[in-house]
Amino acid sequence: MRHLSFNYPYFRNGVHVMSNKASIKVRYFASLKENLGRSEDHLVYTGLMTVREIWCSANPGQPLPCNILAAVNMDYVDLDSLIEAGDEVAFFPPVTGG
Amino acid sequence: MRHLSFNYPYFRNGVHVMSNKASIKVRYFASLKENLGRSEDHLVYTGLMTVREIWCSANPGQPLPCNILAAVNMDYVDLDSLIEAGDEVAFFPPVTGG
Amino acid sequence: MAVMVVQGNFDPWQEIQAYQNAADCLPGTVGATSVFVGTMRDFNAGNAVKGMTLEYYPGMTERQLEKIVAEARRQWRLLDSLVMHRVGDILPNDPIVLVAVWAAHRGDAFDASRYIMEALKSRAPFWKKERLDSGDECWVAENTKGYKSD
Amino acid sequence: MAVMVVQGNFDPWQEIQAYQNAADCLPGTVGATSVFVGTMRDFNAGNAVKGMTLEYYPGMTERQLEKIVAEARRQWRLLDSLVMHRVGDILPNDPIVLVAVWAAHRGDAFDASRYIMEALKSRAPFWKKERLDSGDECWVAENTKGYKSD
């Protein structure tokens, strides 16, 4: 995982800004939420990361369940896609609606 | 058209019976009924006939419309199938329900 | 497994509700209900249509509808079905046909309802005569196909 | 073209009636209405089920349902559609999902309603947790397929 320092921290009018935009909200649903024992994490954005790396940061040592689905900002994404500051990342098991 | 005399007339207790069973009812529907100007014919059963022959007997000189459908006793039949005494034969154009 | 030929307007959604409520065997077993409703449009093949008359062949029509439903029951696992078809004088926006199928699983419900509709369109003896805005009356010559590949 | 996630029981047939009555553009143009209703069964994979809870992802669920409907509108000629999906606590026999599609022609209506249902089953973020008669609770692992060929 590379931390690209030019992405963070950023400055506005000479003041170091730690806005919402600079954090990553990670959400879990259904059986995954129950297994982890929590529904969300808040990570500090430290540069370009893949969705898979977000999982590792939030759940160190826990392998990514093999049938997991992921969404960024409420759209489905590949686990290797990149996320940006302010993104909402979600992990959940196969859907069973309808 | 062959008239097989052993099929008709038939006798019951020595009396010549001209029952409903010995006649053929021919019915027409929809545009066919309107074009012919009548909804049914009653033919005397004179032996084994095909559905096509029934049409010719009932409508002499009128060619069978090419897309016509036929039913005997309310089941679809081929125009070359045989009918029996007492049968109800129907001719009608392609169906347009639903 | 009802098949009905009806004179006069009917509300398909009320009919479904009533039929479902009366069907004791359904609760708990149904996972999928597939419904098709055919309604009269006010345009057909470019002509404005004021109304239509639906002719049928009493006896044969019901018999053919029952055969079609029986065929569907042999091909798919169905819990119940309801087929209603209007005859007589009909106005634009009126329902003409209702096909409802109840099943445990959606594949059976979808397949069977479509099968019944396509079979009904090609084999159930009904004939439409349209009254055009121009005053002309004309018999509909043939039904259009329900599948693009046909 | 409404998409709704609903808490609490609903009657799909009444919802269709109400939606249709409020849709000014529909009268006269609709020839075909295709409806699918998914209801909760009291048996699943051999287990007696007492009830279930449906979880969803507020925001994403609606967004995905709208995308699916938009995809259907690009592929088929539709006049209108209604998608409703229940969330929260559900009892056997309760409707879970309603998909209704209005079109001029039946091919479009049949194809689109099935497409929307299959897409919803595979992509809309809903999760079912069943309460069994035994007292156990368990998450449904995966939806079954809607086509035999899958």
Side-chain angles (χ1 to χ4, degrees), chain B residues 19-21 23-43 45 49-52 54-55 58-59 62-98, chain C residues 3 5-6 36-41 44-45 49 52-68 70 83-88 90 95-99 113-130 137-146:
Chain B
S19 73
N20 286 334
K21 279 244 153 228
S23 70
I24 301 290
K25 186 177 182 178
V26 186
R27 304 184 65 177
Y28 310 107
F29 291 92
S31 56
L32 183 65
K33 174 176 69 182
E34 285 190 3
N35 293 342
L36 296 175
R38 61 192 196 282
S39 64
E40 58 186 67
D41 287 319
H42 291 264
L43 304 185
Y45 181 71
M49 297 172 82
T50 65
V51 170
R52 198 185 297 278
I54 291 287
W55 171 271
N59 302 279
Q62 285 235 44
L64 192 61
C66 59
N67 60 357
I68 208 87
L69 298 172
V72 171
N73 299 334
M74 303 186 175
D75 278 321
Y76 284 99
V77 293
D78 190 271
L79 293 172
D80 296 314
S81 62
L82 290 169
I83 60 112
E84 295 174 20
D87 280 351
E88 175 170 304
V89 181
F91 295 99
F92 45 81
V95 302
T96 55
Chain C
V3 156
V5 173
V6 290
F36 180 84
V37 175
T39 41
M40 195 197 145
R41 294 187 302 134
N44 191 9
V49 185
M52 61 163 64
T53 304
L54 253 158
E55 187 176 327
Y56 76 119
Y57 183 171
M60 178 164 177
T61 304
E62 294 86 342
R63 181 181 173 86
Q64 294 303 316
L65 292 175
E66 280 163 10
K67 279 188 145 187
I68 291 165
V83 177
M84 294 182 73
H85 201 292
R86 181 94 178 269
V87 291
I90 295 180
I96 298 172
V97 60
L98 160 64
V99 172
S113 63
R114 191 160 191 174
Y115 175 85
I116 292 171
M117 260 314 291
E118 295 306 321
L120 181 156
K121 288 282 237 185
S122 69
R123 286 154 49 193
F126 292 104
W127 301 275
K128 285 175 184 157
K129 186 190 213 174
E130 293 178 337
E137 289 195 334
C138 65
W139 290 96
V140 176
E142 209 168 11
N143 271 332
T144 55
K145 301 297 185 187

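What you see below is based on every heavy atom in this structure, not just the backbone, and it leaves out hydrogens, waters and symmetry mates.
In terms of non-hydrogen atom pairs under 4.5 Å with chain B, the most contact-rich of C:Val140, C:Thr144, C:Val97 is C:Val140.
The minimum heavy-atom distance between B:Pro93 and C:Trp127, with the atom names listed, is O-NE1, 3.0 Å. In plain terms, the two heavy atoms of C:Ala141 and B:Pro94 that are nearest each other are O-CB, 3.8 Å.
Using a distance-only test at 3.5 Å, with no hydrogens or angles considered, no donor-acceptor pair links the side chain of C:Trp139 to the main chain of B:Ala30. With C:Glu142 contributing its side chain and B:Val95 its backbone, the two residues share no donor-acceptor pair below 3.5 Å. With C:Lys128 contributing its side chain and B:Gly98 its backbone, the two residues share a donor-acceptor pair below 3.5 Å.
In this structure, CZ in B:Phe29 is found 8.5 Å from CE in C:Met60, a value given to the nearest 0.5 Å. We find the OG1-NZ distance between B:Thr96 and C:Lys121 to be 8.5 Å, quoted to the nearest 0.5 Å. Taken from CZ in B:Arg27 to OH in C:Tyr57, the straight-line distance is 5.0 Å, to the nearest 0.5 Å. Once rounded to the nearest 0.5 Å, the distance linking NZ of B:Lys33 with CD of C:Glu55 reads 3.5 Å.
Between B:Asp75 and C:Lys67, some side-chain heavy-atom pair lies under the 4.5 Å cut-off. Two residues are said to be in side-chain contact when any heavy atoms from C-beta on lie closer than 4.5 Å; C:Lys129 and B:Glu34 meet this criterion.
No part of C:Thr53 comes within reach of chain B, as not one of its non-hydrogen atoms sits under 4.5 angstrom from that chain. Using a 4.5 Å cut-off between heavy atoms, C:Arg123 contacts chain B through both its backbone and its side chain. With a 4.5 angstrom heavy-atom cutoff, C:Tyr56 touches chain B only via backbone atoms.
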